[in-house]
Amino acid sequence: MHTGNEEIQFLESTFFAVFGQTPEILNVQLMTGGTINTSVQVETSRGVFFVKWNDVATNEMFRTEVLGLELLRRANCLTLPQVIGQDFRDDKAYLILEFIKSAPRAKDYWLHFGQSLAQLHSHTDKEFGLEFDNYIGSQPQRNARHREGTNFFIEERLKVQAGKALYHNRISPQLHGKFERLYRVLPDLLPRERPALVHGDLWSGNVIADAQGQVALVDPAAHYGQREAELSYTHLFGGFDPEFYAAYDEAFPLEPGFQERIAIYNLYPLLVHVNIFGRSYVSAVEKVLNRF
């Protein structure tokens, strides 16, 4: 990465704010895959860090990410990056995390992943939602509390994103009307389960192998939600290894008929993609609505 003086000065000032001194910056490497923030790996005399930043308006996004990481870490089930610092300087918000060094997957990687995610999902709460709202990608994610999971899914997930898509003319009033009809039948289609602590944005881009070759998770949108929704999202962009699903189901068996419900749960991430990336995802949404 060609790093200009402005970027180096910004990194130096953020490290000074966190450590009280400025470590020598030895190398800066742009990280690919992100579409929202500028993300870099920074090698310094004090260690290697992952730093991401954006406009100061994203400070709340980074703040809730830190809270989500802390919530998941307390469950003590999966590896997560340590938070080094989070704040804003001048016109930029930033987040500094431990850089998780990656290694080839261990032989039992998928087995361990499935078992660990089942353990995470066994952590529960009295209600669905969370004490604070957060973000999924760049989209605000509302976490108002609900006692029943289907109501939470309808009111805080589908209605919010479908309404936003309608407002911005990314879906038609006719398609929005199909959502209204779906809401009436969802209580008969989705199982009643206890709230589960979920990562909230579990796709392959947020899953890495750590230095020991075991799973580590990044970029959470954590809350107490529906574990089936979390597992459904893992299927959206190609899915994980079958050993992962077998290990999960052995540790925390799913209700019968889960495969038929995957498409319903994935309406939420599809709508998120509609609102971030545009109409190219609308046909996938319509296909699911026509089916149910």
Undergrad: May I ask you to check whether Tyr224 and His123 show a side-chain donor-acceptor distance below 3.5 Å?
TA: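 Absent: no donor and acceptor within the cut-off.
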
Undergrad: Do you know the tightest heavy-atom contact between Leu217 and Leu78?
TA: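 That closest heavy-atom pairing would be CD1-CD1, 3.6 Å.
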
Undergrad: Say whether, by atom type as modelled, one donor and one acceptor occur between the side chain of Ser102 and the main chain of Ala209 under 3.5 angstrom.
TA: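 Confirmed, Ser102 side chain pairs with Ala209 backbone.
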
Undergrad: Can you list everything that forms a ring pair (Phe, Tyr, Trp, His ring centres under 6.0 Å) with His235? Sequence neighbours excluded, please.
TA: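 Partners of His235 under the ring pair (Phe, Tyr, Trp, His ring centres under 6.0 Å) test: Tyr245.
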
Undergrad: Enter the distance from Ser39:OG to Asn54:CG here, rounded to the nearest 0.5 Å.
TA: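 So the OG of Ser39 and the CG of Asn54 are separated by 9.0 Å.
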
Undergrad: Determine, step by step, whether Arg157 and Asn143 satisfy the side chain to side chain donor-acceptor pair (under 3.5 Å) criterion, reporting the C-alpha distance in whole Å, the side-chain angles of both residues, the deciding distance to 0.1 Å, and the verdict.
TA: CA-CA 9 Å; Arg157 296 295 180 257; Asn143 292 319; 2.7 Å; yes

Undergrad: Taking a hydrophobic cluster as the set of Ile, Leu, Val, Met, Phe, Trp and Tyr residues connected by side-chain heavy atoms closer than 4.5 Å, whether directly or through intermediates, do Leu271 and Ile136 fall within one such cluster?
TA: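 Yes, one cluster joins them.
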
Undergrad: Would you call the rings of Trp110 and Phe113 parallel, tilted or perpendicular, where under 30° means parallel and over 60° means perpendicular?
TA: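 Judged by the thresholds at 30° and 60°, the geometry between Trp110 and Phe113 is parallel.
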
Undergrad: Say whether His199 and Glu230, considering side chains only, have a donor N or O and an acceptor N or O under 3.5 Å apart.
TA: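 No, Glu230 and His199 have no side-chain donor paired with an acceptor closer than 3.5 Å.
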
Undergrad: Can you tell me if CZ on Phe99 sees more than 12 non-hydrogen neighbours from other groups inside 6.0 Å?
TA: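 Result for CZ/Phe99: enclosed.
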
Undergrad: Tell me which pairs pass ring-ring contact (aromatic ring centres under 6.0 Å, His included) where either residue lies in residues 144-165, with sequence neighbours left out.
TA: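 Pairs touching residues 144-165 that pass the test: Phe152-His223, Phe153-Tyr265.
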
Undergrad: Are Val18 and Ile8 connected, step by step, through hydrophobic side chains (Ile, Leu, Val, Met, Phe, Trp, Tyr) whose heavy atoms are closer than 4.5 Å?
TA: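 Shared cluster, yes.
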
Undergrad: In terms of relative ring orientation, are Phe49 and Phe19 parallel, tilted or perpendicular, with 30° and 60° separating the classes?
TA: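 Answer is tilted, since the angle falls between 30° and 60°.
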
Undergrad: Are more than 12 heavy atoms, taken from residues, nucleotides or ligands other than Asn290, located less than 6.0 Å from that residue's CG atom?
TA: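 Correct, the count exceeds 12.
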
Undergrad: Walk me through it: do Leu197 and His121 pass the test side chain to side chain contact (heavy atoms under 4.5 Å, CB included)?
TA: CA-CA 5 Å; Leu197 179 57; His121 289 173; 6.0 Å; no

Undergrad: Using every non-hydrogen atom in the two residues, find where Gln214 and Ala106 come nearest and quote the distance to one decimal.
TA: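 Closest approach of Gln214 to Ala106: NE2-CB, 3.8 Å.
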
Undergrad: Closest approach of Pro81 and Leu69, non-hydrogen atoms and distance?
TA: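 For Pro81 versus Leu69, the nearest heavy atoms are CD-CD2, 4.1 Å.
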
Undergrad: Just by modelled atom types, is the Asn151 backbone N or O under 3.5 Å from a matching donor or acceptor in the Glu148 side chain?
TA: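 Yes, Glu148 side chain to Asn151 backbone: donor-acceptor pair under 3.5 Å.
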
Undergrad: Is the count of non-hydrogen atoms from other residues, nucleotides or ligands lying under 6.0 Å from Glu70 atom CD greater than 12?
TA: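 Yes, the 6.0 Å shell around CD holds more than 12 heavy atoms from other groups.
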
Undergrad: Indicate, with yes or no, if the rings of Tyr94 and Phe15 have centres closer together than 6.0 Å.
TA: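 No, the ring centres sit 6.0 Å or more apart.
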
Undergrad: Going by the angle between their ring planes, with limits at 30° and 60°, are His273 and Phe277 parallel, tilted or perpendicular?
TA: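 Taking Phe277 first and then His273, their aromatic rings sit tilted (interplane angle of 30° to 60°).
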
Undergrad: Quick test of your reading of the model: are Asp210 and Arg105 salt-bridged, counting only N-O distances below 4.0 Å?
TA: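 Salt bridge: no.
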
Undergrad: Using a strict 4.0 Å threshold on nitrogen-to-oxygen distance, state whether Glu255 and Arg192 make a salt bridge.
TA: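 Answer for the salt bridge query: no.
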
Undergrad: Answer yes or no: is there an ion pair linking Arg145 with Glu156, defined by an N-O contact shorter than 4.0 Å?
TA: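 Salt bridge between Arg145 and Glu156, a charged N being under 4.0 Å from a carboxylate O: no.
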
Undergrad: Got a salt bridge between Glu286 and Lys178, using NZ or NE/NH1/NH2 to carboxylate O under 4.0 Å?
TA: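 Between Lys178 and Glu286 there is a salt bridge, with a charged N closer than 4.0 Å to a carboxylate O.
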
Undergrad: Test Glu6 against Lys92 for salt bridge (Lys or Arg N to Asp or Glu O under 4.0 Å), laying out the working first.
TA: CA-CA 12 Å; Glu6 183 179 347; Lys92 295 184 180 70; 3.8 Å; yes

Undergrad: Take Phe244 and Leu231 through the test side chain to side chain contact (heavy atoms under 4.5 Å, CB included) and record every step on the way to the result.
TA: CA-CA 10 Å; Phe244 162 81; Leu231 287 169; 4.1 Å; yes

Undergrad: Just to verify, which of Gln141, Glu60, Arg63 counts as forming a side chain to side chain donor-acceptor pair (under 3.5 Å) with Asn134?
TA: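 Checked Gln141, Glu60, Arg63 against Asn134; only one passes side chain to side chain donor-acceptor pair (under 3.5 Å): Gln141.
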
Undergrad: I need the minimum non-hydrogen distance between Tyr233 and Pro269, along with the two atoms involved.
TA: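 Where Tyr233 meets Pro269 most closely, the heavy atoms are CE1-CB, 3.7 Å.
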
